Amino acid sequence: MRRRVSIFGSTGSIGCNTVDLLRHQGGVESFDVIALTGGARVDLLARQARELEAEIAVTAYPEHLKTLRQALEGTGIKAAAGPEAIAEAAARETDWTMSAIGGCAGLEPGLISLKHGGILALANKESLVTAGPLMLATAQKYGATILPVDSEHSAIFQALVGEDISNVTRMILTASGGPFRNWSHAQLAAATPEQAVAHPNWDMGKMISVDSASMFNKALEMIEAKEFYQVDPKIIEVIIHPQSVVHSMIGHVDGTLMAHMGVPDMRFAIGYALNWPKRRSLPIKNLDLAALGALEFEAPDEQRFPPLRLAREVMMAGGLSGAVFNAAKETAYGAFMARQIGFLDMAALVEQVLSAEIDLCDLKSTTIDLETVLSVDQQVRIKTAEAVKLRQAS
Ligand code: NDP
Ligand code: MG
């Protein structure tokens with residue numbers, strides 16, 4: 001059966017892996033590609049759109065529209081630009097949509113595409129962190145299915161097949177520990193953006209790579225797990241596993257642990273979501289356990305990596321605190337990449353903003369709708385940017 005598919009963020013790391021799998025599974029012979037969207041990499045976007053004969057290609061940035069139009073000339077593929085055009089593309093019906101825009105910008109398109117039912121393969125973890133209840137309620141209202149693509153959440157999803165989630169007593173997210181796993185506090189304080197983006201095991205976009213180095217990524221994933229699986233935050237654990245071969249585990253009431261294993265390759269999780277509820281062969285090499293020899297596990301150090309502690313605060317506070325946490329984190333990330341603040345300042349700033357916001361208003365009782373989430377996101381970005389300036393001045 002031919003399926004209509006769209007990819008939001010097709011030029012990114014997850015997006016390119018998704019295109020690769022579409023190609024592997026027959027490309028235009030098997031899929032009607034509706035929309036592909038990207039940002040600055042318009043040449044790549046145009047190449048993907050030509051190859052997959054997309055209906056529409058959209059760049060997030062209007063200044064790139066001219067180049068995109070030129071690159072698509074004579075193909076009949078519509079070119080468009082800007083957030084409104086991305087939202088319009090998301091409203092086009094599909095059977096399967098990949099949500100792989102980075103950051104909070106991915107929330108609205110994912111939410112819109114839930115409204116035409118079908119499957120939303122969700123890589124954009126920020127959607128669940130900032131607006132989990134809204135995502136789940138919208139999926140339920142419109143009969144859409146959200147499938148997790150984050151490798152940990154996909155691993156848990158797969159380990160849960162045939163199981164009763166009420167018997168799950170542990171959700172153990174594995175974390176590679178990133179490039180700074182063994183770095184001292186002093187080394188972390190001096191870490192540069194170049195060092196932070198160089199992830200040892202996974203080839204990912206810049207922001208998630210830096211988030212992996214700081215453990216903000218794992219913090220987002222703890223909140224993502226709580227929101228998606230609707231579990232008590234107390235059952236969510238993090239374990240450092242440098243080889244990234246065990247993608248996560250669930251523990252049952254009888255003490256059994258079920259793990260999902262494989263080489264670190266995001267096409268496992270994307271392919272599972274693409275073929276769910278079936279499985280198909282994927283162009284990924286087999287895991288060679290004998291060559292690997294040993295798997296290591298160690299407890300995370302929350303002194304050096306405070307985001308894990310902050311995630312617990314967010315999970316307990318609930319409501320809009322995830323939106324506050326993410327907006328502060330994205331702003332602090334921008335300031336670190338611009339060399340305005342140091343690596344450890346990111347967590348310090350997020351903690352400062354988060355505790356001020358939690359004290360300021362009852363984040364729990366506020367309704368979670370898109371407008372409120374985006375407005376909190378904007379306000380927190382402004383406040384965090386001000387806090388960055390004060391930190392620079394001091
Ligand atoms: P990338 O940075 O590689 O890709 C992000 C995509 O979003 C690109 O297509 C980019 O376009 C596009 N984009 C950039 N800015 C905007 C904007 N303002 N509006 C709309 N689109 C924009 O990120 P990743 O692929 O690494 O990550 C995507 C999402 O998936 C994130 O939420 C991440 O946390 C999640 N994820 C990623 C994993 C990974 O292995 N990479 C693993 C698990 C989750 P362009 O590049 O053309 O500028
Ligand atoms: Mg992950």
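First listed ligand is number 1; within each ligand, the first listed atom is number 1. These figures come from a predicted structure and were not determined experimentally.
Nearest protein neighbour of atom 26 (O) of ligand 1, counting heavy atoms only, is Gly205 N, 2.8 Å. Taking atom 43 (C) of ligand 1 as the reference point, the nearest protein heavy-atom neighbour is Asp150 OD1, 3.0 Å. With hydrogens left out, the protein atom closest to atom 41 (N) of ligand 1 is Ser13 OG, 3.2 Å, a heavy atom. Atom 36 (N) of ligand 1 has as its closest protein heavy atom Ile208 CD1, 3.6 Å. When only non-hydrogen protein atoms are considered, atom 11 (O) of ligand 1 lies nearest to Gly39 N, 2.8 Å. When only non-hydrogen protein atoms are considered, atom 34 (O) of ligand 1 lies nearest to Lys125 CE, 3.2 Å.
Using modelled atom types, no side-chain atom of Asp377 and backbone atom of Ala323 make a donor-acceptor pair closer than 3.5 Å. For the pair Thr37 (side chain) and Gly9 (backbone), a donor-acceptor distance under 3.5 Å is present. A donor-acceptor pair is defined here as one N or O able to donate and one able to accept, closer than 3.5 Å; no such pair exists between the side chain of Arg50 and the backbone of Thr75. Side-chain atoms of Glu152 do not come within 3.5 Å of backbone N or O of Glu221 as any donor-acceptor pair. The backbone N or O of Glu351 sits less than 3.5 Å from a side-chain atom of Ser355, completing a donor-acceptor pair. Between the side chain of Thr169 and the backbone N or O of His252, at least one donor-acceptor pair lies under 3.5 Å. Judged by distance alone, with hydrogens and angles left aside, the side-chain atoms of Gln187 form a donor-acceptor pair with the main-chain N or O of Ser184 at under 3.5 Å.
Within ligand 1, counting atoms from 1 as listed, the ones closer than 4.0 Å to a heavy atom of Thr11 are 8 (C), 9 (O), 10 (C), 11 (O), 45 (P), 46 (O), 47 (O). Remark: ligand 1 atoms within the under-4.0 Å shell around heavy atoms of Gly102 are 5 (C), 7 (O), 31 (C). Ligand 1 places these atoms under 4.0 Å from at least one heavy atom of Ala100: 5 (C), 6 (C), 28 (C). Applying the 4.0 Å criterion to heavy atoms of Asn124 picks out, from ligand 1, the atoms 32 (O). For ligand 1 and Ala123, the ligand atoms under 4.0 Å from any heavy atom of the residue are 30 (O), 32 (O), 35 (C), 36 (N), 44 (C). Remark: ligand 1 atoms within the under-4.0 Å shell around heavy atoms of Ala40 are 45 (P), 47 (O), 48 (O).
At a heavy-atom distance under 4.0 Å, only side-chain atoms of Ala60, from C-beta outward, approach ligand 1. By the criterion of a heavy-atom distance under 4.0 Å, both the backbone and the side chain of Arg41 are placed next to ligand 1. Contact annotation for Glu126 and ligand 1: only side-chain heavy atoms (C-beta onward) come within less than 4.0 Å of the ligand. Of the heavy atoms in Ile86, only side-chain atoms (C-beta onward) come closer than 4.0 Å to ligand 1.
A heavy-atom separation below 4.0 Å is found between Tyr61 and ligand 1. Residue Gly106 places every heavy atom at 4.0 Å or more from ligand 1.
The shortest N/O to N/O separation between Ile14 and ligand 1 falls below 3.5 Å. Between Gly38 and ligand 1, a contact under 3.5 Å exists for no N or O pair.
For Asp150, the N/O/S atom at the shortest distance from the Mg ion (ligand 2) is named OD1. Per residue Glu152, closest N, O or S atom to the Mg ion (ligand 2): atom name OE1. As for Glu221, its N/O/S atom nearest the Mg ion (ligand 2) is the one called OE2.
Remark: among candidates Asp43, Ile101, Asp203, the nearest residue to atom 21 (N) of ligand 1 is Ile101, based on non-hydrogen atoms. The residue among Ala105, Pro148, Gly12 with a heavy atom at the shortest distance from atom 4 (O) of ligand 1 is Gly12.
The closest side-chain heavy-atom distance from Leu295 to His241 is below 4.5 Å. Looking only at side-chain heavy atoms (C-beta outward), Met337 and Met207 stay at 4.5 Å or farther from each other. Here the side chains of Met171 and Ile250 are in contact, with some heavy-atom distance below 4.5 Å. In this structure, the side chains of Ile341 and Met346 come closer than 4.5 Å at one or more pairs of heavy atoms.
For the residue pair Gln303 / Asp301, no side-chain donor-acceptor distance below 3.5 Å is found, with atom types taken as modelled. One side chain, Arg279 or Gln158, offers a donor N or O that lies under 3.5 Å from an acceptor on the other.
Here the straight-line distance linking atom NZ of Lys115 with atom CG of Leu111 works out to 5.5 Å at 0.5 Å rounding.
Ring-centre distance between Phe180 and Phe343: below the 6.0 Å cut-off.
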